[in-house]
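The structure appears below as structure tokens.
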Amino acid sequence: MRKWLTRFAPAPTGYLHLGHVLNAVRVWEEARSHGGRVLLRIEDHDRERCRPEYETALLDDLDWLGFVPDLYPTNTFRDGRCESRQSDRGDIYSTLAERLRGQELLYGCACSRKEIVESRSPGVLGSGGPYPGTCRDLGLPLTNDVAWRVRLPSTSVTFVDRWCGPQTQVPAEQCGDLLIRDRRGNWTYQFVATVDDHLQGITDVIRGEDLLASTGRQILLGQLLGRPTPATFAHHALIMKSPTQKLSKSDHDTGVRDLRAAGWTREQVLTAAETGRHRQSSMT
Ligand SMILES: [Zn+2]
């Protein structure tokens with residue numbers, strides 16, 4: 001039997017809010033019910049948006065909430081360099097990118113966001129369409145001032161989400177060739193999450209359903225990176241701010257920090273996260 005391992009992987013781009021708490025509840029409860037373990041990973045790959053003070057705050061909030069990681073407990077991050085913090089894993093990402101380059105799967109892309117939007121077929125509005133592959137065969141060198149993309153095969157990916165059921169996704173049609181590094185030198189979420197889930201041996205991913213659409217591309221990229229068997233995925237419903245808006249870190253009425261300051265107990269915060277009932281009582 002494989003060892004059951006999941007992860008809690010917040011990005012320190014703001015304070016922990018009830019949406020993260022709900023995810024933590026699901027992650028720890030699934031780990032306990034499967035006799036598995038929880039790994040803590042700090043996803044601070046976006047160097048412009050992440051702040052050390054947010055990391056400190058989220059470690060403190062996790063301790064206060066009583067979520068104890070089995071791998072990389074909070075103090076391993078407080079002690080300084082930690083191999084489960086993405087900004088300390090740059091060499092690993094470079095090595096894996098180099099492996100993709102060696103397989104001739106990686107190419108440089110000089111398109112601006114505006115050019116990508118404009119090059120889409122007429123009638124395709126917004127930023128939701130796939131990258132059209134403009135730079136695929138230009139042979140641009142992989143320097144620091146171009147974005148790096150992985151050539152994706154046009155295959156479909158099928159998987160069974162434990163909570164959302166059978167899924168079929170065609171990443172080449174959803175997003176086109178996958179961006180793994182942006183023009184400012186930031187590794188992308190899709191790349192680092194896939195690399196880390198693979199190399200850290202994550203067997204089960206439990207996360208919000210806003211990431212369901214990213215799963216096929218992560219499974220496909222994992223294959224290209226040499227992962228023999230994909231993780232099992234389970235996506236849960238999100239706490240919504242309104243029927244169409246998810247919670248964000250700027251919603252102070254749902255921030256763990258603010259709720260603590262307003263005198264909420266740990267139990268009240270956990271209950272609010274699980275029931276999604278936070279609006280009426282928190283705005284005082
Ligand atoms: Zn391009």
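Since the model is a prediction, treat every value here as computed from it, not as a measurement. Ligands are counted one by one from 1 in listed order, and the atoms in each one are counted from 1 as well.
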**Asked** Within the distance-only criterion (no hydrogens, no angle test), does the side chain of Arg37 pair as donor or acceptor with the backbone N or O of Asp70 below 3.5 angstrom?
**Response** no
**Prompt:** Are Glu29 and Arg32 ion-paired here, with the side-chain N under 4.0 Å from a carboxylate O?
**Reply:** no
**Asked** Would you say Asp182's side chain and Ala147's backbone share a donor-acceptor pair under 3.5 angstrom?
**Response** no
**Request:** Starting from the Zn ion (ligand 1), count all protein N, O or S atoms within a radius below 2.8 Å.
**Result:** 4
**Item:** Note: Glu55-Arg78 ion pair, threshold 4.0 Å (strictly below)
**Value:** no
**Prompt:** Does Trp28 use its side chain to pair, donor to acceptor, with the backbone of Val68 at less than 3.5 Å?
**Reply:** yes
**Prompt:** Any Lys/Arg nitrogen of Asp197 or Arg41 sitting under 4.0 Å from an Asp/Glu carboxylate oxygen of the other?
**Reply:** yes
